[in-house]
Amino acid sequence: MLDARRIRTDAGMVKNSLLDRNADSGLVDKFLAADEKRRKNLAVSEEKKGLRNKASANVARMKKAGEDAAVIMEQTRALGDEIKVLDDELRDIEEEIQFILLHIPNVPHETVPVGKDEGANEEIRRWGEPREPGFLVKPHWEAGEALGVLDFERASKVTGARFTFYRGLGARLERALIAFMLDLHTLKHGYEELIPPFIVNQHSMTGTGQLPKFAEDSYRLEGSEGYYLVPTAEVPVTNFYREEILDAQRLPIYHCAYTPCFRSEAGAAGRDTRGLIRQHQFNKVELVKFALPENSYDELEALTANAEEVLKQLELPYRVVTLSTGDLGFSSAKTYDLEVWLPSAGMYREISSCSNFEDYQARRANIRFRREPKAKPEFVHTLNGSGVAIGRTTAAILENYQNADGSVTIPAALRPYMGGIDTIPAI
RNA sequence: GGAGAGAUGGCCGAGUUGGCUGAAGGCGGUCGCCUGCUAAGCGAUUAUACGGUGUCAAGCUGUAUCAUGGGUUCGAAUCCCAUUCUCUCCGCCA
């Protein structure tokens with residue numbers, strides 16, 4: 001969330017940034033009113049508490065001296081009742097403020113293009129040339145079913161829509177991609193691997209910004225109060241340091257993690273209903289960074305480059321896009337999307353999203369650092385990016401590496417992870 | 001799932017006949033002193049949040065915080081209730 005003081009002193013700027021995001025800028029005025037009320041109330045309440053503390057000390061002194069304190073005690077009792085009323089009001093006001101703060105999105109960075117939707121996104125570079133295969137490339141779900149490596153039909157019987165079985169070399173390919181990406185990031189890019197819980201509590205979901213506003217996007221477990229299936233490893237990995245104060249010397253901290261991701265995809269009805277693009281469960285390797293504020297934008301460039309390296313090594317053509325204010329995620333200050341080429345669709349599709357959240361998540365999750373042993377704690381900057389989405393990578397390979405006979409060549413970088421297998425043969 | 005024990009400052013650990021205890025003591029950290037040398041010793045210091053004041057700089061000041069949330073009381077780390085978590089034993093189990 002945003003710093004309350006920043007909203008107080010920079011209300012106009014925050015309002016404008018909300019407008020750029022198509023968000024409700026009225027939240028700012030609501031906040032200012034509640035904040036004003038809170039401080040007024042607080043001053044009165046604290047003054048009365050101060051009086052009560054003094055009176056109580058007097059009671060103690062008098063009793064020790066053997067005097068009768070009944071008069072003071074009676075007076076102070078009334079004071080206590082007044083304080084209780086004020087504090088009840090205060091609690092309501094603070095709840096309201098908290099609610100407002102949790103619903104105000106991050107302020108976009110000044111370099112983010114202003115625009116109302118994804119049409120205003122800016123492509124900043126491309127890598128690789130889409131092949132000209134000379135035949136009609138089958139969409140990956142047709143190719144995968146024909147090769148016997150994907151089974152959507154049985155998945156819908158066993159579970160429902162937007163699930164799949166990976167089978168045989170398909171399962172192996174998915175597993176190889178996970179191992180390949182984790183090795184790349186841990187051995188070459190310096191990330192420390194975590195295998196986190198795949199279930200998190202509501203505090204973690206709030207810390208990274210999934211709650212309270214986007215509850216319907218996640219799967220909540222019944223029976224266990226406030227437990228959610230992870231929608232992304234970002235949640236458990238970022239919350240790894242929740243409520244902690246880190247030494248500046250340890251920064252930046254890099255973590256990577258593989259998890260399955262579970263998303264209800266509410267609101268995506270009718271979109272990408274076929275194939276691996278939009279599943280309720282998908283695999284992903286995630287990169288997470290904790291950085292010094294002054295370095296976080298350099299770290300974002302480096303993080304994005306780390307994700308790009310995956311696609312380069314797999315030789316999958318892609319482009320990098322800066323999301324505009326209208327397309328930017330709720331918690332993010334700046335996001336680069338990596339979009340991989342999908343021949344069957346003849347277009348680039350998102351395969352990774354790399355964001356700098358600045359101190360927005362850190363403030364929610366209370367992740368701080370100290371520059372010096374006695375310095376005041378400051379909020380770290382958090383970043384994360386897909387490194388990259390596994391299912392969409394499998395889809396991209398099934399299409400970009402598809403041969404005329406329907407077989408699929410395994411990218412060279414992946415063969416060591418496939419036991420030397422270089423082709424998924426056509427049946 | 002059953003029975004029991006516990007949760008105090010960066011860490012360890014006092015404090016449960018309620019009253020200068022934000023909290024003894026120790027360790028660790030920082031600063032200074034001293035010592036003929038990376039040992040030891042001496043002194044000082046050592047939380048966070050939110051308000052007020054201030055050149056929203058230092059400082060000063062108020063309030064709150066002894067797992068969390070309520071309650072009792074003039075006053076609670078200390079009493080009561082609920083919740084969460086941890087540990088031990090039993091059961092179950094990959």
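Each chain gets a letter, A, B and so on, in the order its sequence line appears, and its residues count up from 1.
Using modelled atom types and a 3.5 Å distance limit, the side chains of A/Ser331 and A/Asn106 yield no donor-acceptor pair. Side-chain atoms of A/Gln361 and A/Thr382 include a donor-acceptor pair closer than 3.5 Å. Side-chain contact check for A/Arg38 and A/Asn41: no donor-acceptor pair (N or O, by modelled atom type) lies under 3.5 Å.
A salt bridge links A/Asp88 with A/Arg91; the closest basic N to acidic carboxylate O contact falls under 4.0 Å. A salt bridge is defined here as a Lys NZ or Arg NE, NH1 or NH2 lying under 4.0 Å from an Asp or Glu carboxylate O, and A/Lys15 with A/Asp29 meets this definition.
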- [ ] Dot-bracket for RNA chain B, please, read 5' to 3', with Watson-Crick or G-U wobble pairs under 3.5 Å on both distances, ( ) within the strand, [ ] crossing, | other strand, . unpaired.
- [x] ((((((((.[[[..)...(.....]]]((((((.......))))))(((((((.....))))))).[[[[[..)....]]]]])))))))....
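Taking atom CD of A/Glu46 as the reference point, atom P of B/U63 lies 8 Å away to the nearest angstrom. Remark: P of B/C85 and CD of A/Glu243 are 16 Å apart, rounded to the nearest angstrom. If you measure from atom CD of A/Gln98 to atom C1' of B/A49, you get 13 Å, rounded to the nearest angstrom. Going from atom CG of A/Leu86 over to atom C1' of B/G62 covers 15 Å, rounded to whole Å.
Neither OP1 nor OP2 of B/G62 sits under 4.0 Å from any side-chain N or O of A/Arg39. Proximity of A/Arg368 to the phosphate of B/A49: a side-chain N or O atom is located under 4.0 Å from OP1 or OP2. Not one side-chain nitrogen or oxygen of A/Asn53 sits closer than 4.0 Å to the OP1 or OP2 atom of B/G19. Applying the 4.0 Å criterion to OP1 and OP2 of B/U73, one finds that A/Arg77 has every side-chain N and O outside that range. At B/U63, none of the side-chain N or O atoms of A/Lys48 fall inside 4.0 Å of OP1 or OP2 (strictly under the cut-off). Neither OP1 nor OP2 of B/C74 sits under 4.0 Å from any side-chain N or O of A/Lys84.
For A/Phe163, the ring pair (Phe, Tyr, Trp, His ring centres under 6.0 Å) criterion is met by A/His280, not counting sequence neighbours.
Residue-level contact check: A/Arg52 touches the backbone only, with heavy atoms under 4.0 Å from sugar-phosphate atoms and none from bases. Residue contacts shown for A/Leu42 are limited to sugar-phosphate atoms, with no base heavy atom under 4.0 Å away.
For the pair A/Gly80 and A/Asp3, nearest-nucleotide mapping onto RNA chain B gives the more 5' position to A/Asp3.
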